[in-house]
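A quick write-up on the structure given underneath.
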Amino acid sequence: MQLLLDEGLPVQLIEPLRRNAPHTFDHIDDLKWKSKKDEFLLPDAAARGYDALVALDVGQLTEPDLCRVLKKSGLHHISLRQGRTVKGKKGLARVIASIVVAMPYVLDDLEVEAEQRIVPLQLLAAGARHEVWDPKTARAELPYWPR
């Protein structure tokens with residue numbers, strides 16, 4: 001499957017997504033299509049052999065004209081629902097992590113689909129996913145730490 005990342009997605013996503021071989025991923029920047037309007041982007045991507053568009057722009061699904069263009073293109077539409085909480089380096093990390101974690105599952109699901117699908121992704125919740133221990137006091141967690 002060939003997937004195209006929309007310009008709203010960070011280019012840093014490309015390398016981790018390319019680990020999903022044999023699927024291929026390109027970014028709009030690779031094609032020099034930056035600022036191309038969606039009504040042209042979608043049919044052009046389909047004509048180039050892409051199977052799916054990965055985007056942050058869920059607005060594409062709320063505009064009737066764009067929905068018609070998307071339907072006609074036949075492309076799967078994979079989009080991250082990011083909300084207003086995604087800002088700065090932590091927000092960027094959440095966007096990248098959310099898509100990287102979801103993509104192997106999305107690809108497995110889409111490989112068995114014969115028709116066009118819409119795939120909304122969920123943004124990982126904000127907040128730390130770690131603890132910080134002081135080895136002098138975390139004796140229960142670190143029983144073999146030298147005293």
Side-chain angles (χ1 to χ4, degrees), residues 1-135 138 141-142 144-145:
M1 186 174 303
Q2 288 186 280
L3 297 96
L4 180 62
L5 276 66
D6 203 0
E7 69 181 283
L9 290 168
V11 294
Q12 296 91 332
L13 262 171
I14 285 293
E15 288 311 312
L17 288 178
R18 287 183 175 158
R19 305 278 184 218
N20 291 291
H23 307 286
T24 60
F25 292 83
D26 293 313
H27 194 280
I28 290 287
D29 287 358
D30 298 333
L31 303 177
K32 311 281 190 260
W33 284 2
K34 198 167 190 156
S35 301
K36 187 179 259 201
K37 300 284 185 198
D38 289 337
E39 57 265 23
F40 304 110
L41 171 71
L42 296 166
D44 289 353
R48 276 243 179 144
Y50 288 99
D51 301 294
L53 177 70
V54 185
L56 286 178
D57 190 2
V58 293
Q60 292 166 328
L61 302 175
T62 61
E63 297 179 26
D65 291 340
L66 283 179
C67 279
R68 282 189 280 280
V69 172
L70 177 59
K71 181 180 180 184
K72 187 175 180 182
S73 76
L75 294 171
H76 300 298
H77 188 273
I78 304 164
S79 59
L80 181 64
R81 296 181 178 192
Q82 62 174 347
R84 297 184 189 277
T85 61
V86 178
K87 293 181 179 153
K89 64 182 177 182
K90 290 179 183 176
L92 178 66
R94 287 173 62 206
V95 166
I96 292 171
S98 298
I99 294 172
V100 169
V101 167
M103 196 54 65
Y105 301 97
V106 170
L107 293 168
D108 284 350
D109 288 346
L110 291 179
E111 280 184 313
V112 298
E113 295 295 341
E115 296 180 7
Q116 184 179 36
R117 296 290 183 249
I118 304 299
V119 184
L121 304 178
Q122 296 298 317
L123 182 67
L124 291 175
R129 287 177 171 66
H130 67 281
E131 297 177 33
V132 178
W133 294 343
D134 178 348
E141 294 85 357
L142 300 167
Y144 301 110
W145 189 263

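Side chains are part of it too, since the values below use all heavy atoms of this structure and drop only hydrogens, waters and symmetry mates.
Using a 4.5 Å heavy-atom threshold, the side chains of F25 and L13 count as separate. Under the 4.5 Å side-chain criterion, counting only non-hydrogen atoms from C-beta, H27 is in contact with D30. Contact annotation: the side chain of I96 approaches that of P10 to within less than 4.5 Å [non-hydrogen atoms, C-beta and beyond]. Residues L124 and R129 have side chains in contact (heavy-atom distance under 4.5 Å, counting atoms from C-beta outward). For the pair L41 and L4, the minimum side-chain heavy-atom distance is below 4.5 Å. In this structure, the side chains of L53 and D6 come closer than 4.5 Å at one or more pairs of heavy atoms. Taking 4.5 Å as the limit, every side-chain heavy atom of V54 sits out of range of all side-chain heavy atoms of L17. Here the side chains of L107 and P104 are not in contact, with every heavy-atom distance at 4.5 Å or above.
Considering CG of L70 and CG of D38, their distance stands at 9.5 Å, rounded to 0.5 Å. Between Q12 atom CD and I14 atom CD1 the span is 10.5 Å, to the nearest 0.5 Å. K72 contributes atom NZ, which lies 11.5 Å from atom CZ of R68 (distance to the nearest 0.5 angstrom). The line from NE2 of H77 to CD1 of I118 is 6.5 Å long, rounded to the nearest 0.5 Å.
No donor-acceptor pair closer than 3.5 Å links the side chain of H76 to the backbone N or O of L3. Judged by distance alone, with hydrogens and angles left aside, the side-chain atoms of E39 form no donor-acceptor pair with the main-chain N or O of D65 at under 3.5 Å.
Residue V106 comes nearest to I78 through the heavy atom pair CG1-CD1, 3.8 Å, listed as atom of the first residue, atom of the second, then distance. Across all their heavy atoms, P16 and V100 have their closest contact at CB-CG2, 3.9 Å. Closest of all the heavy-atom pairs between E7 and S35 is OE2-N, 2.9 Å. Nearest heavy atoms, S73 versus Q116: OG-NE2, 4.3 Å. The minimum heavy-atom distance linking L61 with C67 is given by the pair O-SG, 3.4 Å. For A45 against L75, the heavy-atom pair with the smallest separation is CB-CD1, 4.0 Å.
Remark: K36 pairs with D44 by the side chain to side chain donor-acceptor pair (under 3.5 Å) rule, at least two apart or across chains. Considering only residues two or more places apart in sequence or on other chains, E15 meets the side chain to side chain donor-acceptor pair (under 3.5 Å) condition with R18. In this view, R19 satisfies the side chain to side chain donor-acceptor pair (under 3.5 Å) rule with no residue, not counting sequence neighbours. Applying the side chain to side chain donor-acceptor pair (under 3.5 Å) rule to N20 yields no partners; only residues at least two apart in sequence or on another chain are considered.
Evaluation of the salt bridge (Lys or Arg N to Asp or Glu O under 4.0 Å) test over residues 45-54, restricted to residues two or more places apart or in two chains, returns none. Residue pairs that meet the side-chain hydrogen bond (donor to acceptor under 3.5 Å, both in side chains) test with at least one member in residues 100-112, sequence neighbours left out, are H23-E111.
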message: Set out, in order, the CA-CA distance, both residues' side-chain angles and the distance that settles side chain to side chain contact (heavy atoms under 4.5 Å, CB included) for D26 and W33, then state yes or no.
response: CA-CA 11 Å; D26 293 313; W33 284 2; over 6 Å; no

